[in-house]
Chemist: 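Starting off with a structure, shown below.
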Amino acid sequence: MDLDSFRAEAHRIVERMADYLEGIEDFPVRSRLSPGAVAAQLPKAAPEAGEPMEAVLADVERIVLPGLTHWQHPRFFAYFPANSSPPAILAEMLTAAFAAQCMLWQTSPAATELETVVLDWLRQLVGLPAGFHGVIQDTASSATLCAVLMARERATGWRSDAEGLSGLPPLRIYASAEAHSSVEKAVRIAGLGRAGLRLVPVDAAWRLRPDALAAMIAADRAAGAVPAGVVATFGTTGLGALDPLAEIAAVCRREELLLHVDAAWAGSALLLPEVRELAHGLGEADSVVINPHKWLLTNFDCTAHWVRDPAALVRTLSVLPPYLRSAETGRVIDYRDWGVPLGRRFRALKLWFVLRSYGAAALRAKLRADIAMAADAAARLAALPGIEVVTRSLALVVFRHVPQPLAGDAAALDAHNRALVERINADGRIYLTPGVCDGGAVIRLATGGTWTRPRHIAEAVAVIAELAGAPA
Ligand SMILES: *Cc1c(COP(=O)(O)O)cnc(C)c1O
């Protein structure tokens, strides 16, 4: 494709992008296709002769769009949101055109220095103290893996780095029983084994119990294991629990354990002073992760990761072959040493566009509106006959339907709620996620979508009432 054609096609595609977002409410939120339906429409091999862009775009409409679950739909309330926004999309377009590979400072000084500066802006906005150094990782899972690897190396004095883990006493990482699956994945990838992850019991609000953490650490030491680190969660995925960071940090300090705080979802809300009140002790962590790609209007992927001791992270991850040496090595930040992949996209650009285009005040207003919409959803749901709101944390509402004839029959209630959420999602007007609370089936409704407005909350509650047979 020559540049004249590119120019013409690009203008047309921008029109299609705006049309898509403008008309997104006409789609069912969750794709209605069955497994294999997309693949069955595609040729088995790539074309030998090039095709016109118009033919490719026609197939986007015909084959791809029906196979999409529309994450930017204003009635998407499943999982957590994966925010995008017009400024972030524009930045992604530029990033694609620059197509810079930002592994070293030298391979694009602007990418490295913008990343450092923009993450320092965000550090200030979320109230992390000076002394934290930022890097953009692809996902929170990667950030947590880096933190667990750092904990492993610190706990063994970098002996595991030199010799491997065999011959060393077993290492232990602690997280609450409500922690995200990425913690277990990180512990297993780090070579600590499933036994290396110790799940700490939670209190009545599903928060990690610091007393139980201290007891487990003592028992593990007595048994000859080496406690290495704790992953605390600020905003668990299932129920939105906010672990008591100050008490956990005190245990970590006393026991000399690395503290990583997984604030992947709720961390964006730390822009709000009233939410920072709930995160006392955050500044005492060694490592903190927040996903602007969840709830801060920045297209996936963009994970903000701050560490207090970048030298420890670099010592854990750096490998320096001759072809990656540059005249500046050691004098500049080479972000390749701060994460697992060598190659890196220019991800700072979109976060910069978002922070500049909206400004902190508008981002705070968005977050407050999202939280208010969740509070509204919780109030409306609680007013429906048979609906129990189990918990509401920031922009997450967790509920279940307890029809009178089933009350007291746990197995029947579980089956009923699992069937209800599937019925709701198959209907297509809204999209929710099933969950589990204290062993029972529940339903999660997360607000925070870029285009979700109060009327969509009223519509969602009406759909739930209708399909649960619980008319308001
Ligand atoms: C979503 C989520 C993650 C995983 O985020 P990725 O960026 O997809 O790896 C981790 N922890 C929590 C608490 C989450 O909600």
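Fair warning: this is a prediction, and the values are worked out from it, not measured in the lab. For reference, positions follow the sequence shown, starting with 1. Numbering of ligands and ligand atoms starts at 1, following listing order.
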Chemist: Should V289 and H260 count as side-chain neighbours, where that means a heavy-atom distance under 4.5 Å?
Modeler: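 Touching, per the 4.5 Å side-chain cut-off.
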
Chemist: Can you sort out the partners of F27 under ring pair (Phe, Tyr, Trp, His ring centres under 6.0 Å), two or more places apart, ordered by chain and number?
Modeler: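 Partners of F27 under the ring pair (Phe, Tyr, Trp, His ring centres under 6.0 Å) test: Y20, H70.
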
Chemist: For ring-ring contact (aromatic ring centres under 6.0 Å, His included), just list the numbers for Y79 and W71, CA-CA rounded to whole Å, side-chain angles, deciding distance to a tenth of an Å, and then say yes or no.
Modeler: CA-CA 10 Å; Y79 307 100; W71 281 71; 5.6 Å; yes

Chemist: Tell me the side-chain hydrogen bond (donor to acceptor under 3.5 Å, both in side chains) pairs involving residues 231-246, sequence neighbours left out?
Modeler: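 Output for this query is empty, none listed.
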
Chemist: Dump all N/O pairs between ligand 1 and the protein below 3.5 Å as a table: atom names plus distance, one pair per row.
Modeler:
from     : atom 1 : to   : atom 2 : distance (Å)
ligand 1 : 5 (O)  : N291 : ND2    : 3.4
ligand 1 : 7 (O)  : A140 : N      : 2.8
ligand 1 : 7 (O)  : N291 : ND2    : 2.9
ligand 1 : 7 (O)  : H293 : NE2    : 3.2
ligand 1 : 9 (O)  : A140 : N      : 3.3
ligand 1 : 9 (O)  : S141 : N      : 2.8
ligand 1 : 9 (O)  : S141 : OG     : 2.6
ligand 1 : 11 (N) : D262 : OD1    : 3.2
ligand 1 : 11 (N) : D262 : OD2    : 2.6
ligand 1 : 15 (O) : T237 : OG1    : 3.0
ligand 1 : 15 (O) : K294 : NZ     : 2.9

Chemist: Kindly write out the residues that satisfy side-chain hydrogen bond (donor to acceptor under 3.5 Å, both in side chains) with R344, not counting sequence neighbours, or none if the list is empty.
Modeler: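 side-chain hydrogen bond (donor to acceptor under 3.5 Å, both in side chains) check on R344 returns E115.
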
Chemist: Taking the six-membered ring of F80, is the NZ or CZ of R444 close enough (under 6.0 Å from the centre) and on axis enough (within 45°)?
Modeler: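 Checked: cation-pi criterion met.
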
